[in-house]
Amino acid sequence: VQLQASGGGLAQAGGSLRLSCTASTASGSILGINSMSWYRQLPGKQRDLMATILGSSTHYADSVKGRFTISRDNAKNTVFLQMNNLKPEDTAVYYCNADKLTYKRVPNSLPRPIASLWGQGTQVTVSS
């Protein structure tokens, strides 16, 4: 099971980027994911929570509230982060996280849980 993030890149201050992150398995299936989140991390710093979505509820860090929007496509096991009005201080590596994921390794097998799964990170750079 893996989380694959994409959508990072270079943007100018005031611009926008959209990150995506999809959970997938090689030969089985994802049965469900409790919550999905986006974090970001600067070199040498801790990984900070930016946004979480659980059902229809969302939570944002104060630093991105009103500028970032988290959404989710449950059918595709994908979480998105729409980032608008970007600022240079948004520059970081962004990581997606899936909390309490359940999957089947192969069809007709027993469900297996994963407490927490991380994506590989995607670089976002905002120039002034």
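Numbers here simply count residues along the sequence, with the first being 1. Please read all numbers here as calculations on a predicted model, not as lab measurements.
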Pairwise side-chain contact, [X] with [Y], heavy-atom cut-off 4.5 Å (strictly under):
{"X": "T52", "Y": "T58", "value": "no"}
{"X": "I33", "Y": "R72", "value": "yes"}
{"X": "Y95", "Y": "Q41", "value": "yes"}
{"X": "L17", "Y": "L86", "value": "yes"}
{"X": "R47", "Y": "W118", "value": "yes"}

Other residues, nucleotides, ligands: >12 heavy atoms within 6.0 Å of Q2 CD: yes
Nearest non-hydrogen partners of [X] and [Y], listed with the distance:
{"X": "L19", "Y": "V124", "answer": "CD2-CG2, 4.1 Å"}
{"X": "M36", "Y": "A98", "answer": "CE-CB, 4.4 Å"}
{"X": "A13", "Y": "S128", "answer": "CB-CA, 4.2 Å"}

Joint cluster assignment, V79 & V93, ILVMFWY side-chain distance < 4.5 Å: no
Qualifying residues under side chain to side chain contact (heavy atoms under 4.5 Å, CB included), relative to R18, sequence neighbours excluded: F80, Q82
Partner set under side chain to side chain contact (heavy atoms under 4.5 Å, CB included) for K104, not counting sequence neighbours: S29, L31, S109, P111
Donor-acceptor pair, side chain of S63 and main chain of A61, under 3.5 angstrom: no
Any donor-acceptor pair under 3.5 Å from S27 side chain to R105 backbone: yes
Chi angles and distances behind the side-chain contact (heavy atoms from CB on, under 4.5 Å) call for D48, Y39: CA-CA 5 Å; D48 293 324; Y39 290 71; 5.7 Å; no
Intermediate values then yes/no, side-chain contact (heavy atoms from CB on, under 4.5 Å), T22 and L3: CA-CA 5 Å; T22 299; L3 281 179; over 6 Å; no
Sequence neighbours excluded, which residues qualify as side chain to side chain donor-acceptor pair (under 3.5 Å) partners of [X]?
{"X": "T122", "answer": "none"}
{"X": "K65", "answer": "D62"}
{"X": "Q123", "answer": "T125"}

Calculate, to the nearest 0.5 Å, the distance between atoms [atom1] and [atom2] belonging to [X] and [Y] respectively.
{"X": "D90", "Y": "M50", "atom1": "CG", "atom2": "CE", "answer": "8.5 Å"}
{"X": "C96", "Y": "L117", "atom1": "SG", "atom2": "CG", "answer": "8.0 Å"}
{"X": "I70", "Y": "I53", "atom1": "CD1", "atom2": "CD1", "answer": "5.5 Å"}
{"X": "H59", "Y": "S35", "atom1": "NE2", "atom2": "OG", "answer": "11.5 Å"}
{"X": "L101", "Y": "N77", "atom1": "CG", "atom2": "CG", "answer": "7.5 Å"}
{"X": "N85", "Y": "R67", "atom1": "CG", "atom2": "CZ", "answer": "6.0 Å"}

Between S116 and D99: side-chain donor-acceptor atoms closer than 3.5 Å: no
Stepwise side-chain contact (heavy atoms from CB on, under 4.5 Å) test for L49 and R40: CA-CA 7 Å; L49 177 63; R40 70 187 183 192; over 6 Å; no
Hydrophobic cluster partners of L54 (side-chain heavy atoms under 4.5 Å): none
is_close_aromatic(W38, F68), centroid dist under 6.0 Å: no
